[in-house]
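Heads up: the structure comes next, in structure tokens.
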Amino acid sequence: MSAALQMTAFGLALLSTLFLLLATCTDCWMVNADDSLEVSHKCRGLWRECVTNMQDGVRTCDQYDSILADHPVKIVVTRTLLITADLLAGLALATLLLGLDCIKFLKEEPQVKLKMCYGAGVILSIGSILGLVGSVWYAVDVYMERAMLVSHNIFLGVHYDFGWSCWLGMAGSMGCFMASVLLTCCLY
């Protein structure tokens, strides 16, 4: 039972960590949601802004000036939280891999391996909370920006909504949290 639970948690943690990494690296956190006669598809991410021409499929991206340049708070906070979540999830994954019963590392010390799995669960839970806070922070800021423009009857020509990278960050964070619950609560 313990080995099956460990493998399930490992698989979920691996998939969720990949989701978090993809969310951090991709550039579609905000997507234009205007249903008018748009000829281009605009995405804004943490690192750049891209426009895809819908007629010929040509995609052009503009990198943000610098990591150290003045950026909106939502970008800086989301970058920081997601990079930290990625690092913690990677550390937890490595610790969990060494703590699995099917790995021969420390085979004669089952209590140490169990503590490694528990520690991986704690690290995963911290990383998942940081990733979820970063993703939700960005989503709430996008919503508040849109609500403020609507309340003031301002239309800039482009209406942004949550992009797939934002949803991927939330899904990866929730998956890491579920894996941490399996490791910390169900394993003992």
Donor on one side chain, acceptor on other, S125 and S180, under 3.5 Å: no

Test your reading of the model: is there a side-chain donor-acceptor pair from [X] to the backbone of [Y], 3.5 Å cut-off?
X: R48; Y: D27; value: no
X: W29; Y: A23; value: yes
X: S128; Y: C176; value: no
X: W47; Y: T24; value: yes
X: K74; Y: W137; value: no

First locate atom [atom1] of [X], then atom [atom2] of [Y], and finally report the distance between them rounded to the nearest 0.5 Å.
X: T84; Y: I129; atom1: OG1; atom2: CD1; answer: 13.5 Å
X: D86; Y: C25; atom1: CG; atom2: SG; answer: 7.0 Å
X: L20; Y: I83; atom1: CG; atom2: CD1; answer: 12.0 Å
X: Y138; Y: R79; atom1: OH; atom2: CZ; answer: 10.0 Å
X: L93; Y: L88; atom1: CG; atom2: CG; answer: 12.0 Å
X: K42; Y: M30; atom1: NZ; atom2: CE; answer: 11.5 Å

If you look at every heavy atom in [X] and [Y], which pair is closest and at what distance?
X: S165; Y: T26; result: OG-OG1, 2.5 Å
X: S173; Y: G131; result: OG-C, 3.0 Å
X: K113; Y: L98; result: NZ-O, 3.1 Å
X: A179; Y: L12; result: N-CD2, 3.6 Å
X: L124; Y: A92; result: CG-CB, 3.6 Å

Do [X] and [Y] come close enough that some side-chain heavy atom pair is under 4.5 Å?
X: C117; Y: L96; result: yes
X: T184; Y: Y118; result: yes
X: L132; Y: F177; result: no

So if you build clusters from Ile, Leu, Val, Met, Phe, Trp, Tyr with side-chain heavy-atom gaps below 4.5 Å, do [X] and [Y] land together?
X: L22; Y: L81; result: no
X: M170; Y: L21; result: no
X: L82; Y: V136; result: yes
X: L18; Y: W164; result: no
X: L130; Y: L91; result: yes

Quick check: are the SG atoms of C61 and C50 less than 2.5 Å apart? yes

